[in-house]
A.B. asks: 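One structure follows; several queries about it will come next.
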There are 2 protein chains.
Amino acid sequence: MSATIKDIARICKVSEGTVDRALNARPGISKKTKEYILNVAKELNYTPNHLARGLAKGRSMTLGVILFDVRNPYFAQLMNAIEVKARELGYVVFPIFTHSDTQNERKALEHFKTRQVDGIIMFSVQSGHEFEKELLDLKIPIVTIGNRISGGWTYVGINERESMKDAVKHVVSQGYEEIIYICPPLTRRGEVNLYTLEERLAGCREGLSEMGKKEPLVIMDSDYIKAISQIDLESQPKKAVVCPADIYALEVLNHYKKNKIRVPEQIGLMGFDDIDTLKYISPRLCSVRYPVSEIGITAVNRLLEEINGNHNKHLNVLLLQHQIVTGESL
Amino acid sequence: MSATIKDIARICKVSEGTVDRALNARPGISKKTKEYILNVAKELNYTPNHLARGLAKGRSMTLGVILFDVRNPYFAQLMNAIEVKARELGYVVFPIFTHSDTQNERKALEHFKTRQVDGIIMFSVQSGHEFEKELLDLKIPIVTIGNRISGGWTYVGINERESMKDAVKHVVSQGYEEIIYICPPLTRRGEVNLYTLEERLAGCREGLSEMGKKEPLVIMDSDYIKAISQIDLESQPKKAVVCPADIYALEVLNHYKKNKIRVPEQIGLMGFDDIDTLKYISPRLCSVRYPVSEIGITAVNRLLEEINGNHNKHLNVLLLQHQIVTGESL
DNA sequence: CTGAAAGCGCTAACAA
DNA sequence: TTGTTAGCGCTTTCAG
């Protein structure tokens, strides 16, 4: 196989310890022997064995990443940012895509434990006491993104409630009086993490209330297209559909286009996430933008701080700024 | 830290070898002691250490994956399929996104070597003899996807030339006489892999020639939008823009929309890849569809065969079927 | 059926 | 400055 430290030691007629000192720039070695060893190592085309190193040091230099589905552009952006940042810092990532299945998430954590990852970045589906106990038992630093779990773990994201509140206020400021809020269920199995969903809905309610408008019509049906098609668009006052994700908004928009319903003339539409795809679609969707890549990068940085034990324990909620993106759909 | 085989052995008053036999369902152990050991292991919440196992067995049970950019939906789909399939088979993946930078690709391969991955799935930017030599030196099974390298490595993909030929023939069959083919350069650094690009262009030429049409107008400018805006759309005969990727076609379409040029009335448009995003865009783009996820799955299966040495050495080009997707843009 | 021991490649503590 | 040695946790071979 590949050359090992032992091989180099034998050839150079020095001890393995000395080779280690040369290869890893450790102190206590003469320049001469160091250069000699390095030369031989290069000739042998030596590459260190990370498995062995990890075993010896108790550090695998790998991070586990749990996301729903990388085919969703939002997760793809996160994935990209995390992978690039982690590698920049000498780590390599194991991604696992759960497709928001709680069983997959459980197995993923198990996987990471046996794989000896040094830390985990997780967008979780699960929640609840039992789940938190499992996480604690892992004894691995974890940073959560997207879905918050509890104060026990660092959370990197945006202020979900405020951002939706701002979105709704923007809609109202454009003259819309009635809000239809789309909020389909994520999945049915297990105890599911509803943090983001609930916060955004609460933000919607609060926003309307603060603007003195009436309660939103909340559509919780998974077939929300059918539900909205039953709404009377002719009656006053002006109505707008608000979605907690652009992908829902795009489905709604497709439905309206198919039925020759004009947006925003007959109904307003507001999305959330400001995904890249929007630039190809007209009318340009109003949405809420936030620095997705920054979330990934911040999560990696924080996770490494936690791994190295030099993090601020009193500050474990890291919120980034959101902003309203105006478009042609309101 | 976590419980180890040694701990279990001590508690059960047996040897480590016996514990190993129980834990890994190896033969030569009585049912009684096995059950006992398994119970103790469960109580201690034992989880195996994959680093140690990998080191001992010379198998890390990890695969390296090299892709351009997961934010591109095409790569995201590949990534998803590969990760899911690999995990199903007990492997875990290290993805590295090169952003089509040859330096990154080099470093990625280096990374994988030191990380002791058992195999690599690669969508390469590089090509050439020197590169091939590097790959050989790795002494790790490699399956290539997307960009073919040479007969030395398994390739999983579609027949690039035939698929573009079919695409062009379809365009011609819709009454278009003149083809504008978009073919922007990928990157400038290093010796770049142009396999796919060249094959598709060749397919375009062959298709036109076989249909008795004149040569395509090939736009090699990276600012292809500027280039197409100089084309006279009023003159006969009917013209169509053919793109070797939907993302180019979407940019072109955006340009036409902005300038109130009607597709397909004033000019036809053909894409390639049939990405998911298309379902949100009108007019529905004509494109070429092929089973992207299948490519990922096939690559994983083949790679494992190569790792285990039970692959068919005479068959190392695995081509999947493509199909023309008709839309409203022709 | 079970135990003992060597070894995977690297690190780290202690001697020399 | 260099060598020696004992691990890290698991697998594997050879005895018993």
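Heavy-atom basis, side chains included; hydrogens, waters and symmetry copies ignored. Within every chain, numbering begins at 1; the chains are lettered A, B, ... in the order of the sequence lines, protein sequences first and strands thereafter.
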A.B. asks: Is the distance between the ring centroids of A:F97 and A:F68 less than 6.0 Å?
C.D. replies: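 Between A:F97 and A:F68, the centre distance exceeds or equals 6.0 Å.
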A.B. asks: Compare all side-chain heavy atoms of B:V117 with those of B:F94 and state whether any distance is below 4.5 angstrom.
C.D. replies: yes
A.B. asks: Distance check needed: C:dA4 P versus B:I5 CD1, whole Å only.
C.D. replies: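 Those two atoms, CD1 and P, are 16 Å apart.
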A.B. asks: In whole angstrom, give the distance that lies between atom NZ of A:K6 and atom P of D:dT4.
C.D. replies: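 Nearest whole value for this atom pair: 14 Å.
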A.B. asks: Atom CD of A:E16 to atom P of C:dG9: distance rounded to whole Å?
C.D. replies: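 Rounded to whole Å, this separation is 10 Å.
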A.B. asks: Any side-chain N or O of B:T33 below 4.0 angstrom from OP1/OP2 of C:dC1?
C.D. replies: no
A.B. asks: Below the 4.0 Å mark, does D:dG3 have OP1 or OP2 next to a side-chain nitrogen or oxygen of A:R21?
C.D. replies: no
A.B. asks: In terms of the nearest nucleotide of DNA chain C, which residue is placed more toward the 5' end: B:G28 or B:L55?
C.D. replies: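 That would be B:G28.
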A.B. asks: Choose from C:dC8, D:dG3, D:dT12 the nucleotide whose nearest atom is closest to any side-chain atom of A:V14.
C.D. replies: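 Comparing C:dC8, D:dG3, D:dT12 against the side chain of A:V14, the answer is D:dG3.
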A.B. asks: Report yes if at least one side-chain N or O of B:T4 is closer than 4.0 Å to OP1 or OP2 of D:dG9; otherwise report no.
C.D. replies: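 No, outside the criterion.
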A.B. asks: Cut-off 3.5 Å, side chains only: do A:H311 and A:N316 have a donor facing an acceptor?
C.D. replies: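 Looking only at side-chain atoms, A:N316 and A:H311 do not form any donor-acceptor pair under 3.5 Å.
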A.B. asks: Are OP1 or OP2 of D:dC10 and a side-chain N or O of B:Y46 less than 4.0 angstrom apart?
C.D. replies: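 The answer is yes; a side-chain N or O of B:Y46 sits under 4.0 Å from OP1 or OP2.
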A.B. asks: Going through the distances and angles, do B:H99 and B:R71 end up as a side chain to side chain contact (heavy atoms under 4.5 Å, CB included)?
C.D. replies: CA-CA 10 Å; B:H99 298 264; B:R71 290 170 302 183; 3.4 Å; yes
A.B. asks: Rounded off to whole Å, could you give me the CG-to-C1' distance for the B:N24 and D:dC10 pair?
C.D. replies: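 For the pair B:N24 CG and D:dC10 C1', the rounded distance is 9 Å.
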A.B. asks: Could you check whether atom CD of A:E43 has more than 12 heavy atoms from other residues, nucleotides or ligands sitting under 6.0 Å from it?
C.D. replies: no
A.B. asks: By the 4.0 Å heavy-atom rule, please label B:R59 as base, sugar-phosphate, or nothing.
C.D. replies: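 Contact class for B:R59: none.
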A.B. asks: When the distance from CG of A:L23 to P of C:dT11 is rounded to whole Å, what number comes out?
C.D. replies: 8 Å
A.B. asks: Distance check: side-chain N/O of B:S30 vs OP1/OP2 of C:dT2, anything under 4.0 Å?
C.D. replies: yes
A.B. asks: Round to a whole Å and report the spacing from CG of A:L51 to P of C:dG7.
C.D. replies: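 Distance check: A:L51 CG to C:dG7 P gives 20 Å.
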A.B. asks: Would you say a side-chain N or O of A:T18 is under 4.0 Å from OP1 or OP2 of D:dG3?
C.D. replies: yes
A.B. asks: Return the 5'-most residue of the pair B:K13, A:G17 with respect to DNA chain C, ranking by each residue's nearest nucleotide.
C.D. replies: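 Per heavy-atom nearest nucleotide, the more 5' residue is B:K13.
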A.B. asks: Quickly work out the B:R115 CZ to C:dG9 C1' distance and round it to whole Å.
C.D. replies: 15 Å
A.B. asks: Would you mind classifying the nucleic acid contact of B:N49 as base, sugar-phosphate or nothing, using non-hydrogen atoms under 4.0 angstrom?
C.D. replies: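 If one applies the 4.0 Å heavy-atom cut-off, B:N49 turns out to touch the sugar-phosphate alone, with no base involved.
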A.B. asks: Rounded to the nearest angstrom, tell me the gap between atom CZ in A:R53 and atom P in C:dC8.
C.D. replies: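 Rounding to the nearest Å, CZ of A:R53 and P of C:dC8 are 18 Å apart.
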